[in-house]
Amino acid sequence: MTSSRCLALLLAVSALAGCSQSGEEDLRTWMNELRATTRPRVTPLTEPKQFIPQNYVADSGADPFSIAKLTQALRRDSVQSVTNASLVAPEMARRKQPLEAYPLDAMAMVGSLNKTGTPTALLSVDKLLYQVRVGDYLGQNYGKIVKITETGIQIREIVQDASGDWIERMTALDLQEGKR
C-alpha cells in the first residue's frame, strides 16, 4: 500500500510541477520589450507624375478606318487563302484507314522490315500489331507516311493554323526499343 501512496503522491507533485509557469513570464516580458522598441520603416510614396493629354492629329498619317484599305486587305487575304487551300487541303472524300482513328501519341513503332524491297514499319496500337507502308495514312491530323527507315517513320500531317488555313507539318514516329 505504501508504494501505491508514493506513486499517487509522485503523480500529484508532477502534475503541479507541470502547471507552473516555467519561464513563460520571461518570454512575455521579452516580447513586450521588443514590441516597444521596434519601429517599422515605411518608405514614403513618390508623387505621381502629372498626366498631360495631347490632341490627336490625323493630318500626317493614313486613316486606319478607311473603307478602301479594308476592302483591299480583305481581298488580298481571300485570294491568298484560296490559293493556299487549293495547294494544301486534306482529302476529305477518301475512305479513312483504321489507324486514322488513333492519335500519334498512342502509337509506337516497334520494328521495321523489308518485304519484297518495300520498307514496312511495325506499329503497336492498343496491344495490336499493324504493318504500314509509304503512302498509308495514320493519326487524326490527316497524316500520310512519307518515308520509312529502320529507326523511324516520317509523316506529313495537314492541320489548320490559327487563321483556319490548312498547312503541312512534318512529324516523326521513332522506333521504341523494348526494356532489356
Side-chain angles (χ1 to χ4, degrees), residues 40-43 45-180:
R41 287 188 211 136
V42 178
T43 56
L45 295 175
T46 58
E47 288 292 321
K49 294 179 182 177
Q50 178 95 16
F51 175 73
I52 303 170
Q54 295 180 352
N55 292 331
Y56 174 71
V57 181
D59 297 338
S60 62
D63 182 17
F65 305 107
S66 167
I67 299 295
K69 280 193 163 216
L70 182 60
T71 307
Q72 182 184 15
L74 288 173
R75 189 176 299 126
R76 182 182 62 239
D77 286 347
S78 68
V79 168
Q80 198 173 38
S81 67
V82 166
T83 58
N84 191 19
S86 65
L87 294 175
V88 178
E91 300 171 23
M92 300 286 192
R94 70 172 174 76
R95 188 175 189 175
K96 292 223 179 221
Q97 294 181 356
L99 289 178
E100 288 184 271
Y102 301 98
L104 284 180
D105 58 357
M107 300 178 193
M109 179 181 173
V110 294
S112 66
L113 50 105
N114 252 341
K115 287 178 90 173
T116 63
T118 306
T120 304
L122 299 174
L123 292 180
S124 173
V125 180
D126 272 349
K127 299 181 182 175
L128 295 174
L129 200 59
Y130 292 90
Q131 292 183 14
V132 292
R133 292 170 192 80
V134 173
D136 287 349
Y137 289 88
L138 58 116
Q140 296 175 331
N141 292 325
Y142 307 102
K144 184 176 184 178
I145 297 176
V146 178
K147 181 179 179 183
I148 296 175
T149 63
E150 291 180 2
T151 59
I153 302 173
Q154 294 293 321
I155 304 163
R156 178 186 57 98
E157 292 183 313
I158 299 176
V159 295
Q160 285 185 320
D161 64 359
S163 65
D165 293 334
W166 292 101
I167 60 170
E168 287 185 2
R169 175 175 69 185
M170 294 303 290
T171 309
L173 195 59
D174 295 327
L175 177 67
Q176 302 290 316
E177 294 188 28
K179 297 177 183 174
R180 296 181 185 207

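We use all heavy atoms of the structure for the numbers below, so side chains are in, but hydrogens, waters and symmetry mates are not.
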side-chain hydrogen bond (donor to acceptor under 3.5 Å, both in side chains) contacts touching residues 141-150 (sequence neighbours left out): none
When every non-hydrogen atom of Ser124 is compared with those of Val110, the smallest separation belongs to CB-CG1, 3.9 Å
I need the minimum non-hydrogen distance between Leu123 and Leu99, along with the two atoms involved. CD1-CD1, 4.0 Å
Inter- and intrachain pairs under salt bridge (charged side-chain N to carboxylate O under 4.0 Å, His left out), touching residues 126-142, at least two apart: none
Spatial distance of atom OG1 (Thr120) from atom CG (Asn114) [nearest 0.5 Å]: 7.0 Å
Contact check, side chains of Leu138 and Val125, non-hydrogen atoms, under 4.5 Å: no
If you take all heavy atoms of Ala121 and Met109, which pair is closest and at what distance? CB-CE, 4.2 Å
Does the side chain of Leu122 reach to within under 4.5 Å of the side chain of Gln131, using non-hydrogen atoms? yes
Heavy-atom count around Leu128 CG within 6.0 Å, excluding the residue itself: above 12? yes
Thr118 side, atom OG1; Leu113 side, atom CG - distance, nearest 0.5 Å: 10.5 Å
Between Arg41 and Thr43, is any pair of side-chain heavy atoms under 4.5 Å apart? no
Determine yes or no for a side-chain-to-main-chain donor-acceptor pair under 3.5 angstrom, with Gln154 supplying the side chain and Val146 the backbone. no
To the closest 0.5 Å, what do you measure between CD1 (Ile155) and CE (Met107)? 7.5 Å
Considering only heavy atoms from C-beta outward, does the side chain of Val159 approach that of Ile167 to under 4.5 Å? yes
Can you measure from CZ (Arg169) to CZ (Arg156) and round to the nearest 0.5 angstrom? 12.5 Å
Output for pair (Ser112 OG, Ile148 CD1), nearest 0.5 Å, gives 8.5 Å
Salt bridge (charged side-chain N to carboxylate O under 4.0 Å, His left out) contacts touching residues 99-124 (sequence neighbours left out): Arg94-Glu100
